[in-house]
Each structure stands twice: as structure tokens, then as C-alpha cells.
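Dropping the structure in here first, questions after.
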Amino acid sequence: MCGIIGILGKAPVTPLLVEALKRLEYRGYDSAGVATLVNGHIERRRAEGKLVNLEARVAREPLPGIIGIGHTRWATHGKPSERNAHPIATDRVAIVHNGIIENFQELKDELVAEGRKFESDTDTEVVAQLLTSYLELQMSPEEAMGKAMGRLRGAFALVALFSGRHDILMGARRGSSLAVGYGEGEMYIGTDALALAPFTSRVSYLEDNDWVVLKADGCSVYQGTQKVERPIKKSGLSGDLMGKGNHQHFMLKEIHEQPAVIGDTLHSYLDPATRSVRLPSMPLDWTKVSRVTMTACGTAFYACMVAKYWFEKLARLPVEIEVASEFRYREPPLPEGGVCIAVSQSGETVDTLEALRYAQSQKQTLLSVVNVPESAIARLSNVVLMTRAGPEIGVASTKAFTTQLVVLLATAIGAGRARGTLSRQEEERLALAMIELPARINETLNMEEDYRRIAENTLAGARDVLYLGRGLSFPVALEGALKLKELSYIHAEGYAGGEMKHGPIALIDDAVPVVVVAPTDPIFDKIASNFEQVRARGGRLVLLSDARGVARLGAKAEMSIALPDVDPVVSPILYTVAVQLLAYYTALAKGTDIDQPRNLAKSVTVE
Ligand code: G6P
């Protein structure tokens, strides 16, 4: 979703703004723009589509200026056109914005009634016009921003550049993230530490309802009219532009990083010598937990689905899972002594954040599984369980998901141990299965050509694809279908194997490939029956199993792959890598935009 950068510098800023925007590309966007002050006047360059278009524009019409703001836009109000691209400006102020101004219509009606003319279809323009109306009443930029904050509803991060004021940049946040970077006589403001990394490692994170005034030698942060302090932290991120290494896409690089990042994550949660789980200390007693509620969006929600099986089986805990956007508005009663676990790569997804806030209002202990330590979700939680995936740039989540699974399995094992539902031998067995995972995933990655063949021969030409799985493999089937539709735009659905005969079986003919996720676990016979039901109707079967499963069913499938043998409890982690590769190579065969699929965003900061 939208990315923001602002620089109060000493040298021309346009190339730096564009460089920072490149680091925000991973969030997903459909237009981009920059604005600077030239002789005190606001000048803009904006372009629809990818950043190369903006770069070409800036090359044709250079934009001088030593103070400026930049933006990558993921359209919410108004289509992705140059007219609606940010910065949105009047003659007095230019604005970049992430989020949604929910009362924009009410404000717009007021401003139009005052005779103001709007030139875009964006909700953002009300901020520019509102600030302008205050500035015209002779308010200072500080007074105008303080007053505007009181009028705006919704979740947003904003940065403003004022004409005639080379000395200040202003920002404000409510909900969406915004960080301030400290340089030597230069100041920066941006969506996250990743955007600021080429300029500085000294970063402070704004809190909800903060607004900030940046000057060359520092900044002042306010809540309402009250001045507040936000600590400066050292960000460990590298200033180098994230590279793809030897890989064609970030997604492929990130798929290949999984053995390493799973290893890193295991390192934090397992003691290999004793084969036991070690969790951070938590303000809760698992024996007294009445219920676990898990919530997330997208791929992270499927991590909750897998974890539900684990917590129920290993810790004998009742678990409710729900997509955050439904959970937060249904406002279900949550029992005293409950734990709520939010799962989010970015730690920024607004629905997940609000769902966690709701759980807080219900006096739940808040745990989060996140990949970004300073994120809003991390900061709200009582306990943060970090995934060690490193920055994930491909919009479709891969290594973040598998590391979420590792953390959740370790937590379920820890809970099981504390509750006495898991024996020491069982814990050792599971710990060993986890320790072996990086090696098994490596073996799977070595079979990449097999996945490419299935993708090219069976999946890429299909209009619809079904994925079937049972038990722990059901969420993997859902994730496989999600990955395929995200990346290749082929319609795909995941089903619990047993549900197929209640509807989707009507779709089966020789044009619909059916991918069956079937490790030889205790319910293998059941999925084998579903496999036969597809076969009896002439369906084109792709089998993902292990050597035993392939020996039993492989001859009846159009294509099959024997994955390495693993303990069934950890199989979702391994089989996820297989469905990721199928989706990747299908998209590659179709020539779609793998790292930034159309219409998708990475950090979803709007509802
Ligand atoms: C977007 C991304 C998905 C991700 C979901 C939740 O839809 O494209 O890959 O799973 O958001 O994001 P989160 O950062 O909360 O895990």
C-alpha cells in the first residue's frame, strides 16, 4: 500500500526521493510522484504506473529543490491516474498520504461550499484544501496541522510540504505507520525504517495521533498541543537497495531463503542440544488459559488455520480463528483468561491491528507473531514472537508464512508442555522434526525442475484449478490456491477433501487440474478416497505426496512429486514450499508480474 518519503536536505532531493520510493515498491502501488520547492513554489512530477515512468518524467523535466516529498500510491479513492497521483497540492501545500480519510465527503462538502475547487478524485485532497483554508486564515503551518488533526477521521499517515517554507516539513499519523530519520543537518520522514535506511540508521517511530515538525536540526513531536518525546532507536537495516541475488524475482529469492530463515527462527525458539522449545517469558499461565483466539488476514490467516490444529492437538486448548476484518466488527464475547494471537508479517495490517485492539478491550492477553519489531501490532502486544524472515519484498508472502508456522508450532509445543498434554519424548520428536526441516526444504528446492514441468504442462493452460487437502494439509491447499490466483490470475480454490463431494465435484472434468496435497499422515486413506473420486470423473490429478504416497497413487495421477519424508506434524511447512513453487512457475510461464501482482498490496493499511 502507499509509501511515503519526505526529505529536508542540503542537496538536490529528487534522486534521493526516487531512491527511497524504490525501497517502498514492495508495498504494491499503481502510480507515483514527487514534489519539491523551487524558488519557494511547489513543483510536482507525477506518473501513472511503475516508478520507471516517474523516472522518465523526471529525466525529461528535471525537478530541482533541496526539500521534498515522494509517494507511491495504491488507489483507494479515484482511479490510478496522474491526476490522482500524490503529491496532491494547492498553491500553499503539497500532501502525501497513506490510509483513508473517512469523513472526506463531509469535509469536501464544507470546503466546496467555501468556494474551493478540487482537482482530483482523492480523499487526500481534503487535507490539502483544509490546510490551505487554515493557512489563508493566517495560521502558521503548525497551527494549521494541529487544527486539521482534530478534523480528520480514519487511519492515515501524512507528510506536508509548505510553499515558501524551505525550513520545515510536517507529518502526522493515526493508524498507519510513520518514522522520522535523523541525519547531520538533514531530516527524513517515511513509511518505515526500510525507506529511511539509505540515509540514516537513527530512527524514531511516531505513535498514533502524533504530529511532527521537522527542521534541519531535529524535530518536535506533538499530541494535540502537548509536546511529547519519541526515543531515537538504531535501525539495523542495510542502506543497500535490496537485491534479488542470482534470482529472477524477489519471490524466488525468498522461496530459496526459507531453509536459512527457518533455521534462524528455530535458533530463537529451540534448543537443539536438549531438543526442547524455548519461548520468551510470557505474562500468562498456559494451564489457566480458557481459550486461544487467533486472527489475521490473507496468508497469515492460513497460518492461524494450521496453528489451530497444533494448539488443539498438542496443547488440548480450544482455539477460535477468524479473519480479522470479520472478527473486529462481530465483536464476539471473549472469555476471561483468554489469549489472543495476531499473526502479521508487516505488523501493520489495519484489520489485524484493530482486531487485536478489540481483544485488548476484552482483557485478553495479547500475543503477536510479527516480522517487523517496531510495528504497530508488535507495540500493542503483551508478548511479541518474532519471525526471523528478514525483509520480505515479494508482495505474495512466502518466507514470512513458513516462519510464522515455525513460531506457532514452537508456541503450541511450549503450551502443550506447560499444560502437561505433551510428553517429553513427544517434544523431543517434534523438535527434531523441526530441526530437520531446513534440510528437507533444501531437498524440495533441488527438485525445482519437477515443479516447473507441472506448472508448464498442467497448470499454466488451465482456467480453473482446485486444491484439495485434509487436516493439516487443508490450509496448505487454501494457501496453494491463493498463491496461484495472486500470481498467475488463474481462478483457483482450495477445499477440504471431504467437502469436495458437496459441490466442487461438479466442476471436475478434463480441463480442471486438481492438486492434491497428501502427505502420508494418519488421514492419508481419506484423501486417497477423494483422489479416487476425482479420478473416477476424469479429473486431471497432480499429486503432492511422499515416496509412500506416490508409490500408492502416483500411477493414477497426471503428474506427481514425491516430497521428502517428514513428521506429519511439520508437513504443512514443507508442503507449502511445494505449492509456492507451483504458483511461481505457473506465473512465470504466463508472464505475469510476479513480485507485484496487479491490484495487490503488501501492507494493507486500509479496510
Ligand atoms: C496482503 C499481502 C499478503 C498478506 C496479507 C496480510 O494481502 O499481499 O501476502 O498475507 O496482506 O499481511 P500481514 O502483513 O498482516 O501478514
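Note that ligands are numbered from 1 as they come in the structure, with each ligand's atoms numbered from 1 the same way. Source: prediction; values computed, not measured.
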request  = Before accepting this row, confirm whether a basic side-chain N of the pair Glu19/Arg23 lies closer than 4.0 Å to the acidic partner's carboxylate O.
outcome  =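 The answer is no: the pair does not qualify as a salt bridge.
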query = Ring centroid separation for Tyr358 and Phe327, is it under 6.0 angstrom?
reply =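 Aromatic pair counts; centres sit under 6.0 Å.
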query = Counting heavy atoms only, which part of Val395 comes closer than 4.0 Å to ligand 1: side chain, backbone, both or neither?
reply =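 Both backbone and side chain.
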query = Is Ala601 near ligand 1, meaning one of its heavy atoms is under 4.0 Å from it?
reply =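 Under 4.0 Å: yes for Ala601.
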ask   = According to the side-chain hydrogen bond (donor to acceptor under 3.5 Å, both in side chains) rule, which pairs have a member within residues 192-204, sequence neighbours left out?
value =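 The answer is Tyr26-Asp192, Tyr182-Ser204, Ser201-Lys234.
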inquiry  = Taking 4.0 angstrom as the limit and counting only heavy atoms of Ser344, give me the atoms of ligand 1 inside it, by number and element.
reply    =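 Within the 4.0 Å cut-off of Ser344, ligand 1 contributes 13 (P), 14 (O), 15 (O), 16 (O).
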query = To which protein heavy atom is atom 10 (O) of ligand 1 closest, and what is the distance rounded to 0.1 Å?
reply =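 Closest protein heavy atom to atom 10 (O) of ligand 1: Thr299 N, 3.1 Å.
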task = Taking the six-membered ring for Trp and the single ring otherwise, decide whether the centroids of His71 and Tyr29 are under 6.0 Å apart.
result =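 No.
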key: For Tyr188, all residues meeting ring-ring contact (aromatic ring centres under 6.0 Å, His included), sequence neighbours excluded   =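 In terms of ring-ring contact (aromatic ring centres under 6.0 Å, His included), with neighbours along the sequence ignored, Tyr188 is linked to Phe199.
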query = Quick one: does Ser346 get an N or O within less than 3.5 Å of an N or O on ligand 1?
reply =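 Looking only at distances, the answer is yes, because the N/O contact criterion of under 3.5 Å is met.
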Nearest-neighbour protein heavy atom for atom 6 (C) of ligand 1, which is reported as residue plus atom name and distance =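 Ranked first by proximity to atom 6 (C) of ligand 1 is Cys297 O, 3.3 Å.
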query = Can you tell which of Asn371, Asp264, Thr265 makes a side chain to side chain donor-acceptor pair (under 3.5 Å) with Thr387?
reply =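 Between Thr387 and the candidates, side chain to side chain donor-acceptor pair (under 3.5 Å) is satisfied uniquely by Asn371.
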request  = Please say whether Thr349 places an N or O atom under 3.5 Å from an N or O atom belonging to ligand 1.
outcome  =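 Min N/O separation from ligand 1 is below 3.5 Å for Thr349.
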query = Given His249 and Asp595, is the side chain to side chain donor-acceptor pair (under 3.5 Å) satisfied, shown in steps?
reply = CA-CA 6 Å; His249 294 98; Asp595 284 333; 5.2 Å; no
task = Below 4.0 angstrom from a heavy atom of Gln345, which ligand 1 atoms are there? Numbered from 1 as shown, please.
result =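 Those atoms are 13 (P), 14 (O), 15 (O), 16 (O).
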query = Which ligand 1 atoms are under 4.0 Å away from a heavy-atom of Ser397?
reply =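 Result: 9 (O).
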key: Atoms in ligand 1 flagged as close to Ala300, the criterion being non-hydrogen separation under 4.0 Å   =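 Within the 4.0 Å cut-off of Ala300, ligand 1 contributes 10 (O), 16 (O).
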query = What residue and atom, counting heavy atoms only, is the protein's closest point to atom 11 (O) of ligand 1, and at what distance?
reply =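 It is Lys602 O, 3.6 Å.
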inquiry  = Could you check whether any side-chain heavy atom of Glu479 comes within less than 4.5 Å of a side-chain heavy atom of Val476, counting everything from C-beta outward?
reply    =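 No, side chains not in contact.
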